[in-house]
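Presented below is the structure to which this report refers.
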Amino acid sequence: MEATRTIVVGVTGGIAAYKSAELVSRLRKEGFAVHVIMTRNACRFVAPLTFRTLSGNPVLCDTFEEDGPWAVQHVGVAEAADLLVIAPATANIIAKMAHGLADDLLSTVVLATAAPVLVVPSMNSTMLVSAVVQENLRTLRQRGVTILEPAEGELACGVSGPGRLPEPADIVARIRELLAPAADLAGKTVLITSGPTQEDIDPVRFITNRSSGKMGFALARQALRRGARVLLVSGPTALPAPAGAEVFWVRSARDMCARTLELLPQSDVVIGAAAVADYRPRHVSRQKVKKGDGELHIELERNPDILAEVARCKGARVTVGFAAETEDVLANARVKMEKKKLDLLVANDVTMEGAGFGVDTNVATILSPDGRAESLPRMSKEQLADEILDRVVALL
Ligand code: PMT
């Protein structure tokens, strides 16, 4: 019999706190043990008694309270958790988490737990899209916290936009995914190219592009979570390396190609998420190029196409490419898929808001060789990574 899993639900002070009552109720019905931590402000929206009744356990509100089942509350509950979900998560708890503050029970438990953490933001749209909240969410994502994107619609404050707490059923579905035995890529090695390349013009200048490496790093994190060994060949990026991945830092397309081909024999899956420069300066000046009076012409020559090289010794590997397009997205993507003998191609229209370079979300259509084209809604790069890996697993 499967052991009962324990979900710790953190409820913070937002109007959507009432929806967490349904979340707790659903989790209990699904057979989870549930402990609820409420912040002081959450208690102003919903009475702790509601959660006590629905969870069947004392509600924890205060670090120094003695009502809970553990001698040291924050350590006991943190260790008991198989997953910590914070729903609704206000801008305040998100900021505290991003900066490591521990000034109440919930923020202390966040620091004390080794369990996966799911944050479900819910707030006014303007607050949600503010630069500082987005920056804090980015920080959390980079540290491996899963963020469930808020839904769009009418908000309690009267405006319409993003910021609604997703339906409790959707939150439960995400919890189930996060707790699913992460073993469907166990024993497999996934080789990922990621980020931009840099093509030198002279010792101080180079040609590059807008790739941040977020898509490739999200793929690496999700593949690791699913049990894979991950070889990550990355161009320059400011992102912290995903813990557990074997990272090979490169700069130019030729370096990236050489490293990828060297690692290829170890791999079962190859995913090309990198934005590789198709051209490089034919001559790299040894000295800084001086400003002259007239125009400067830089002659470019072709770089190797890494995925086309991989295709030449593809074997039984599953290969996945991306296509960053600005027009005729599907037609161009199909051509790339055929040329590079890919099993899957993820086409992103990089002109769409929330898609492509630099952002935390993406909007993609996944093409299969049988001609199927599945258009996915805007989702976090982590979620898209999982969608891609689901299809990879089916092909392995
Ligand atoms: O890094 P982010 O900021 O998160 O942005 C993500 C992304 C937009 C970079 C990513 O989603 C993406 O679309 N990556 C591929 C970008 C690209 O270069 O597309 P392309 O259409 O030029 O190339 C098609 C495929 O061939 C890609 O898988 C690419 O990695 C590969 N390629 C391209 C050129 C080349 N010389 N060698 C290659 O292997």
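Whatever order the structure lists them in is the order used to number ligands and atoms, beginning at 1. Just so we're clear, the structure is a prediction, and the values are computed from it rather than from any experiment.
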Lys/Arg N to Asp/Glu carboxylate O, D200 vs R205, below 4.0 Å: no
Electrostatic pair E149:R174 at N-O distance under 4.0 angstrom: no
Basic-acidic side-chain contact under 4.0 Å: E382, R221: yes
Sidechain-backbone polar pair: N57 side chain, V34 backbone, donor-acceptor under 3.5 Å: yes
Per-atom contacts, ligand 1 versus G321 - under 4.0 Å to a heavy atom: 28 (O)
Interfacing atoms of ligand 1 (cut-off 4.0 Å, heavy-atom, K381): 2 (P), 3 (O), 4 (O), 5 (O)
Nitrogen or oxygen atoms of M215 and ligand 1 under 3.5 Å apart: yes
Nearest non-hydrogen protein atom, atom 34 (C) of ligand 1: D278 OD1, 3.2 Å
Heteroatom distance test (G272, ligand 1): nitrogen or oxygen, under 3.5 angstrom: yes
Flag, side chain of E199 to backbone of A253, donor-acceptor distance under 3.5 Å: yes
Heteroatom proximity flag, T193 to ligand 1, N/O under 3.5 Å: no
Ligand 1 contact on P196 by region, counting heavy-atom pairs under 4.0 Å: neither
Any G358 heavy atom less than 4.0 Å to ligand 1: yes
Mode of C257 contact toward ligand 1 - side chain, backbone, both, neither (heavy atoms, under 4.0 Å): neither
4.5 Å side-chain heavy-atom contact, L345 and I366: no
Pairing of E30 and R26 as salt bridge, 4.0 angstrom limit: no
Close approach of K340 to ligand 1, heavy atoms, under 4.0 angstrom: yes
L307-ligand 1 polar pair, N/O distance under 3.5 Å: yes
Nitrogen or oxygen of V350 less than 3.5 angstrom from that of ligand 1: no
Atoms in ligand 1 flagged as close to A273, the criterion being non-hydrogen separation under 4.0 Å: 9 (C), 10 (C), 12 (C), 14 (N), 15 (C)
Polar contact flag for N303 and ligand 1 (N/O pairs, less than 3.5 Å): no
Donor-acceptor contact below 3.5 Å, side chain N303 vs main chain A277: yes
Test item, N348 contacting ligand 1 (heavy atom, 4.0 angstrom): yes
Non-hydrogen atom of A253 closer than 4.0 Å to ligand 1: no
Part of V346 within contact of ligand 1 (heavy atoms, under 4.0 Å): neither
R176 charged N/C atom sitting above F32 aromatic ring, 6.0 Å / 45°: no
